[in-house]
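In what follows, a structure is listed as structure tokens, so that the remarks can point back to it.
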Amino acid sequence: MGNERRFSAINTKIRVMRSRFLKDDDYIILMEREKVEDQIKYLKENTVYGEHLQDMETLDDIQHVELQLDRFLVMQFKKIVKYFSDDYEKLFKALMFRYETEDLKLYLRALARGEDLEKSVKISVVRSTYYSFSYDKIKTAKSLDDFIEKLKGTKFYDVLYPYRHEAYSKLLFYMEMNLDRLYFSHLSEAAQKLSRRDREIFNELLGENIDLLNIEWIYRGLKFYSLLPEELINYTLPNGRYFEYKDLKDLCYGDIEHLKEVVSGTKYKELVNEDRDIDLYMEIRIQRHLYDKFKNSFTRGKLDISISIAYIHLLEFEIRDIISILEAKKYGLSYFETKDYLVRTIKGSGE
């Protein structure tokens, strides 16, 4: 099927869906509300998310809002997938695979803290329909060994099993990186079956994401885990856009100052901007870079895959921002403090 026929209907639909996103004014109004209850009431009465929040008995339950917004995301995802078939459908299902890996990370962190999985699980209940493993089985796990054994027979078992007896100081780092490697490998494989043009578009977006994650992982490994260079390079992701293996190896065999110097000379220089705490702001800077990339991709997109891919990610970022705004109000952050933690840059004044 040619791209013109494939994307003419879906792109029109997605542009309409995108037009219902929050505007800057909505962000400002939310941040200026005095209480969490007022913020949620605004979401219910004035945004596309309202119909999913109508059953709330109390207007201060952020966890319930997160659950419902995640449900909304899954619904939008399903609307897009139905327009595709063959290898394109497989790609979008591969994108959905990220929810599995991210939820497994949540479970692993909960286990590391000694929490009961049945009590600590939040939004994953919505996603569990798409799991390739049994949610009902793993949620009863009482230890890390038990958790991994309950994944036996899935693609995750071989990835996690070798690290089950690692010291907790490094265990999560190892396991999370291996889950990410599995996801990106799965995604790269699915992308190779797209048309040449769509493959190029997707690989460009994916490549920058990989670059950013590699920089973050090497930085964390050097600063917080004192990993050996050989360990660091073994956990980097292949197929980055600008950072090739030799570049990553150079970073792994250097120190923090060398990494900052190298990255400062690239398009990712904002990640190591020392005007603000790098440790605190690196993650949000990565997300902002990707947000701008997807936003530009959506704007420039024609009859190709860029609009579909960008829409899903932009929606994820908006939902993340909404929850950040609610959490910031809960903990008493000011308007300007809240803006610092948002992915989207908002123009306008608050207090």
Side-chain angles (χ1 to χ4, degrees), residues 87 91 94-95 97-98 101-102 159 162-163 170 173-274 278-279 281-297 300 304-306 309-310 313:
D87 293 327
L91 174 73
L95 282 168
F97 182 64
R98 181 164 64 87
T101 60
E102 290 301 317
V159 170
Y163 302 97
K170 292 184 179 181
F173 183 74
Y174 286 137
M175 288 190 168
E176 289 188 15
M177 284 195 297
N178 274 283
L179 286 171
D180 282 334
R181 285 176 66 88
L182 178 65
Y183 166 67
F184 281 105
S185 173
H186 190 53
L187 202 54
S188 295
E189 182 180 345
Q192 300 317 305
K193 298 179 181 180
L194 305 179
S195 71
R196 179 179 177 180
R197 173 61 181 153
D198 287 328
R199 186 168 63 250
E200 290 173 350
I201 291 170
F202 190 82
N203 285 340
E204 176 184 342
L205 295 170
L206 184 64
E208 289 203 20
N209 196 347
I210 288 172
D211 279 344
L212 293 164
L213 288 174
N214 279 334
I215 292 168
E216 182 185 28
W217 288 344
I218 295 171
Y219 179 88
R220 288 174 60 200
L222 288 172
K223 185 161 186 180
F224 299 112
Y225 299 100
S226 301
L227 297 179
L228 295 173
E230 294 80 7
E231 289 182 288
L232 282 172
I233 194 65
N234 283 339
Y235 287 108
T236 56
L237 296 166
N239 304 317
R241 180 158 175 76
Y242 299 108
F243 280 75
E244 300 177 354
Y245 178 82
K246 62 180 179 60
D247 304 310
L248 297 174
K249 186 175 181 180
D250 174 62
L251 295 182
C252 292
Y253 279 84
D255 56 21
I256 290 289
E257 292 307 313
H258 177 65
L259 181 146
K260 289 192 288 189
E261 180 182 356
V262 171
V263 176
S264 292
T266 72
K267 67 180 297 180
Y268 308 124
K269 60 184 178 182
E270 184 60 27
L271 267 65
V272 292
N273 183 339
E274 296 189 87
I278 296 176
D279 299 345
Y281 286 98
M282 181 174 281
E283 181 68 27
I284 190 65
R285 287 167 174 170
I286 288 174
Q287 293 175 336
R288 285 174 179 168
H289 181 96
L290 292 173
Y291 174 86
D292 290 340
K293 184 74 177 177
F294 285 117
K295 183 179 178 182
N296 291 335
S297 181
R300 297 194 312 266
D304 54 44
I305 200 171
S306 57
I309 298 296
H313 288 85

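These numbers were taken from a predicted model, which means no experiment stands behind them. These values consider heavy atoms only, across backbone and side chains, with no hydrogens, waters or symmetry-generated copies.
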Legend entry - Over 12 non-hydrogen atoms of neighbours within 6.0 angstrom of NZ in K193: no

Inset, instruction - Without swapping roles, check the side chain of D292 against the backbone of H289 for a donor-acceptor pair under 3.5 Å. - result: no

Legend entry - Member of Y163, W217, F224, Y225 meeting the ring pair (Phe, Tyr, Trp, His ring centres under 6.0 Å) criterion with F173: Y225

Legend entry - K295 atom NZ, over 12 foreign heavy atoms within 6.0 Å: no

Legend entry - Exam field: side chain N214 to backbone L237, donor-acceptor pair closer than 3.5 Å: yes

Legend entry - Verdict with supporting geometry, Q192 and N203, side chain to side chain contact (heavy atoms under 4.5 Å, CB included): CA-CA 9 Å; Q192 300 317 305; N203 285 340; 3.7 Å; yes

Legend entry - Side-chain touch E208/K267, heavy atoms, less than 4.5 angstrom: yes

Inset, instruction - Count the heavy atoms of every other residue, nucleotide or ligand shown that sit under 6.0 Å from CD of E189, and state whether that count exceeds 12. - result: no

Legend entry - K223/D279 ion pair, N-O < 4.0 Å: yes

Inset, instruction - Look up atom CG in N239 and atom CG in D211, then write down how far apart they are to the nearest 0.5 Å. - result: 10.5 Å

Inset, instruction - Decide yes or no for M175 and N178: does some side-chain heavy atom of the first lie under 4.5 Å from some side-chain heavy atom of the second? - result: no

Inset, instruction - Rounded to the nearest 0.5 Å, what's the gap from CD1 on I256 to CD on E261? Could you check? - result: 13.5 Å

Inset, instruction - Report yes if the side chains of Y268 and R285 come closer than 4.5 Å at any heavy-atom pair, otherwise no. - result: no

Inset, instruction - Would you please test Y245 and I233 for side chain to side chain contact (heavy atoms under 4.5 Å, CB included) and show each step? - result: CA-CA 8 Å; Y245 178 82; I233 194 65; 3.6 Å; yes

Legend entry - From CZ (R288) to CG (L212), nearest 0.5 Å: 14.0 Å

Legend entry - Sidechain-backbone polar pair: S185 side chain, L182 backbone, donor-acceptor under 3.5 Å: no

Inset, instruction - Assess whether side chain to side chain contact (heavy atoms under 4.5 Å, CB included) is satisfied between L187 and F202, documenting all intermediate values. - result: CA-CA 10 Å; L187 202 54; F202 190 82; 3.6 Å; yes

Legend entry - Closest non-hydrogen atom pair between A191 and R199, with its separation: O-CG, 3.6 Å

Legend entry - 4.5 Å side-chain heavy-atom contact, L227 and Y174: yes

Inset, instruction - Output yes when K260 and E274 qualify as a salt bridge under the 4.0 Å nitrogen-oxygen rule, no when they do not. - result: yes

Inset, instruction - Drop me the distance from E200's CD to L194's CG, to the nearest 0.5 angstrom. - result: 11.0 Å

Inset, instruction - Check whether the side chains of D180 and Y235 place a donor and an acceptor atom closer than 3.5 Å, and report yes or no. - result: no

Legend entry - Backbone N/O of E204 and side chain of R241: donor-acceptor pair under 3.5 Å: no

Inset, instruction - For the pair Y183 and L95, evaluate side chain to side chain contact (heavy atoms under 4.5 Å, CB included) and give the outcome as yes or no after the intermediate values. - result: CA-CA 8 Å; Y183 166 67; L95 282 168; 3.7 Å; yes

Inset, instruction - Please round to the nearest 0.5 Å and tell me the distance separating atom CG of L251 and atom CD1 of I215. - result: 7.5 Å

Legend entry - Spacing of L228 atom CG and C252 atom SG [to the nearest 0.5 Å]: 11.0 Å

Inset, instruction - Work out which heavy atom in I278 is nearest to a heavy atom in L271; give both atom names and the distance. - result: CG2-O, 3.6 Å

Legend entry - Donor-acceptor contact present, side-chain D198 to main-chain I305, <3.5 Å: yes

Legend entry - Polar side-chain atom of S188 near backbone of F184 as donor-acceptor pair, under 3.5 Å: yes

Inset, instruction - Assess the side chains of E231 and N234: does a donor N or O sit below 3.5 Å from an acceptor N or O? - result: no

Legend entry - Minimum heavy-atom distance V272-S264, with the two atoms named: CG2-OG, 3.4 Å

Inset, instruction - Check T266 against F243 and note the closest heavy-atom contact, atom names and distance. - result: CG2-CZ, 3.9 Å

Inset, instruction - Specify the closest pair of heavy atoms between H313 and I309, including all atoms of both residues, with the distance to one decimal. - result: ND1-O, 2.9 Å

